[in-house]
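Chain identifiers are assigned alphabetically (A, B, ...) following the order of the sequence lines, protein sequences preceding nucleic acid strands; residue numbering begins at 1 within each chain. Only a predicted model underlies this, so the values are computations on that prediction, with no experimental measurement involved.
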There are 2 protein chains.
Amino acid sequence: MKPSPEFVLQQLEPHTVRISTRKRQKLAISAESDETLYLIQTGVFLVRAAWRDDRHQILSLLYPGDCIRSSAIPPLDGTEIAAASENGEVWRLRWSIARGLFEGDPDLAHHVSDRLADQTARLALHNTIIAGLTGDERVAALMTEIALRVGKQTPAGIVFDMPLSRTDIAEHLALNADTVSRIVSRMRANGLIAVAGRNRLVCRSIEALAYECPIATTIRRMHETAPRRTLVA
Amino acid sequence: MKPSPEFVLQQLEPHTVRISTRKRQKLAISAESDETLYLIQTGVFLVRAAWRDDRHQILSLLYPGDCIRSSAIPPLDGTEIAAASENGEVWRLRWSIARGLFEGDPDLAHHVSDRLADQTARLALHNTIIAGLTGDERVAALMTEIALRVGKQTPAGIVFDMPLSRTDIAEHLALNADTVSRIVSRMRANGLIAVAGRNRLVCRSIEALAYECPIATTIRRMHETAPRRTLVA
DNA sequence: CACCCCTTTTGATCTCGATCAATGGTTTCG
DNA sequence: CGAAACCATTGATCGAGATCAAAAGGGGTG
């Protein structure tokens with residue numbers, strides 16, 4: 001009988017530093033000599049890079065349950081992990097310590113390894129999205145992902161707080177903020193999403209949203225069944 | 001005293017199936033129930049996905065020394081690993097077996113884990129390339145990478161066999177094959193690269209090539225020092 | 001050698017999204 | 001409260017690269 005994933009990672013807790021984050025707070029990405037492992041507990045986080053003058057780029061989104069190891073982030077200028085949600089919680093520990101713990105606990109090692117493989121697959125999927133889809137399809141893909149990850153099912157549809165600004169969305173999808181604004185307006189006009197308050201959106205039908213994006217099937221497969229937390233509440 | 005990476009992976013050899021590949025030969029990506037780990041020994045390989053009608057896309061390039069685990073590839077339609085070089089060699093083993101071996105050999109586990117993290121970082125870097133660079137810059141980035149990976153230093157510069165066709169390059173860089181052809185012609189005209197036979201190119205100055213690409217520093221850092229093999233010859 | 005198939009090259013035109021610009025809304029903070 | 005930032009929206013214009021089309025290699029095979 002295998003222990004549940006929640007239980008597996010709970011064992012790391014005594015070795016970690018708990019970090020409560022506020023929106024836009026940054027987490028350090030340490031140098032190779034002292035690699036870091038972050039375990040996302042609550043909230044959405046962004047991996048961001050700057051790559052000339054004042055242009056930024058959001059390489060990936062992190063959700064509760066994700067693990068991120070600093071050597072999985074390329075050594076670009078100005079890379080950082082930043083909180084996108086109002087309140088978040090992350091656990092931090094040194095990779096060298098995690099490695100040691102893995103040796104005594106294969107289940108733990110395998111769980112973290114699987115989470116890191118998920119990250120890799122998501123990055124590859126994101127490549128597909130920005131390389132092969134139109135602007136409208138990209139935004140539909142992102143909305144689907146976020147609705148599945150942070151949304152709550154209600155009678156009116158899936159309600160979720162959008163953790164990304166227009167600029168963030170643009171930086172993640174290789175679009176322009178102006179273009180994103182236009183696309184989102186169009187999605188509202190078409191009834192795909194509706195506004196339900198400050199930064200809060202409703203998606204009446206996830207199927208209708210998925211219909212706008214050619215690879216929605218894959219997105220749903222990867223984000224509907226992922227582990228959502230690393231520690232039981 | 002740590003064993004060398006080559007020695008570490010050599011221990012896997014008795015548990016693997018050796019595969020000799022010819023150009024365009026495909027490797028199976030098994031379902032989740034029987035996940036596969038491939039160890040690239042010789043040659044360049046492509047991870048390819050098809051995502052509508054007859055459009056393909058090359059998600060990543062694999063070089064000798066790389067490890068690839070099938071769950072790190074997203075469940076898109078028509079994903080496959082294909083040989084890009086004339087002659088290649090890969091070792092295959094079931095992930096469940098690899099997991100078991102990791103438990104008895106932490107160095108092995110750490111080495112594979114590090115290689116997988118490299119893959120992740122490279123995917124993130126590739127996101128940056130296709131999301132933020134112009135067509136010319138993307139091709140310069142790819143040429144730099146391949147020259148560093150498969151090239152040989154000669155008095156005339158770095159000589160390398162280009163494992164990718166124009167179409168492959170286009171599918172990897174989110175460009176059009178026509179556009180790639182134009183860009184490569186321009187690079188030839190500018191003396192950045194020269195033709196030295198069938199599919200063979202010479203890069204006189206890697207510095208000149210790097211100058212064309214804003215993130216060449218990062219590319220060089222990631223591809224110059226990577227392990228090149230998993231087994232001593 | 002001639003034929004076929006596939007890749008590459010090059011030209012002409014078109015389009016999606018970037019860029020520039022102006023306006024209004026919202027949060028923050030003295 | 002009012003000023004300063006920041007964010008979102010919308011219009012007008014522009015351009016990098018896609019698309020379409022046609023020609024030119026370049027090998028393999030009979």
- Report the C-alpha separation of B:M143 and B:I193 in whole Å, then their side-chain angles, then the decisive distance to 0.1 Å, and conclude whether the side-chain contact (heavy atoms from CB on, under 4.5 Å) test is met. CA-CA 9 Å; B:M143 291 291 180; B:I193 53 171; 4.2 Å; yes
- Could you list by number each residue of residues 179-191 of chain A showing a heavy-atom separation from DNA chain C of less than 4.0 Å, or answer none if no residue does? A:T179, A:R182
- Query: Looking at DNA chain C, which of residues 129-147 of chain A put a heavy atom within less than 4.0 Å of it?
  - Reply: A:T134, A:G135
With [X] via side chain to side chain contact (heavy atoms under 4.5 Å, CB included) - residues at least two apart:
{"X": "A:S205", "result": "A:E207, A:A208"}
{"X": "A:E86", "result": "A:K23"}
{"X": "B:T120", "result": "A:A72, A:T120, A:L123"}

Heavy-atom pair with the smallest gap, counting every atom of [X] and [Y]:
{"X": "B:A140", "Y": "B:E212", "result": "CB-CB, 3.8 Å"}
{"X": "B:T134", "Y": "B:E137", "result": "N-OE1, 2.9 Å"}
{"X": "B:P74", "Y": "A:L125", "result": "CG-N, 3.9 Å"}
{"X": "B:R220", "Y": "B:T144", "result": "CG-CG2, 4.2 Å"}
{"X": "B:L59", "Y": "A:A124", "result": "CD2-O, 3.7 Å"}

- Note on the structure: Residues pairing under ring pair (Phe, Tyr, Trp, His ring centres under 6.0 Å) where one sits in residues 179-205 of chain B, two or more places apart or in two chains, turn out to be none
- Item | Residue from B:I68, B:T36, B:I40 passing side-chain contact (heavy atoms from CB on, under 4.5 Å) with B:I81 | B:I68
Give every pair of a protein N or O atom and an N or O atom of nucleotides 22-30 of chain C that lie under 3.5 Å apart, one pair per line with the distance.
unit_1	atom_1	unit_2	atom_2	d
C:dT27	OP1	A:R198	NE	2.7

- Query: In residues 156-176 of chain A, which ones come under 4.0 Å of DNA chain D, going by heavy atoms?
  - Reply: A:S165, A:R166, A:T167
- Message: Measuring only between side-chain heavy atoms, which start at C-beta, is B:T21 closer than 4.5 Å to B:E89?
- Response: no
- Axial bend angle, the helix from C:dC1-D:dG30 to C:dG30-D:dC1: five-pair end segments, nearest 10°: 40°
- Query: If only atom types and distance count, is the side chain of A:H172 paired as donor or acceptor with the main-chain N or O of A:I58 below 3.5 Å?
  - Reply: yes
Indicate every side-chain donor-acceptor pair of residues 180-191 of chain B with a distance under 3.5 Å to a residue at least two apart or in another chain.
unit_1	atom_1	unit_2	atom_2	d
B:S185	OG	B:S181	O	2.9
B:R186	NH1	B:D136	OD1	3.1
B:R186	NH1	B:D136	OD2	2.7
B:N190	ND2	B:R186	O	3.4

- Item | Leading and trailing nucleotides of DNA chain D with any atom under 4.0 Å from heavy atoms of chain A | D:dC7 to D:dA12
- Message: Test salt bridge (Lys or Arg N to Asp or Glu O under 4.0 Å) on B:D178 and B:R166; report intermediate values, then the result.
- Response: CA-CA 8 Å; B:D178 308 57; B:R166 296 283 179 271; over 6 Å; no
Scan the side chains in residues 153-161 of chain B for donor-acceptor partners under 3.5 Å anywhere in the protein, sequence neighbours excluded, and list what turns up.
unit_1	atom_1	unit_2	atom_2	d
B:T154	OG1	B:A156	N	3.2
B:T154	OG1	B:G157	N	3.4
B:T154	OG1	B:G157	O	2.8
B:D161	OD1	B:R200	NE	2.8
B:D161	OD1	B:R200	NH2	3.3
B:D161	OD2	B:R200	NH2	3.1

- Query: Taking the inter-plane angle between the rings of B:Y63 and B:H223 on a 0 to 90° scale, is it parallel (under 30°), tilted (30 to 60°) or perpendicular (over 60°)?
  - Reply: perpendicular
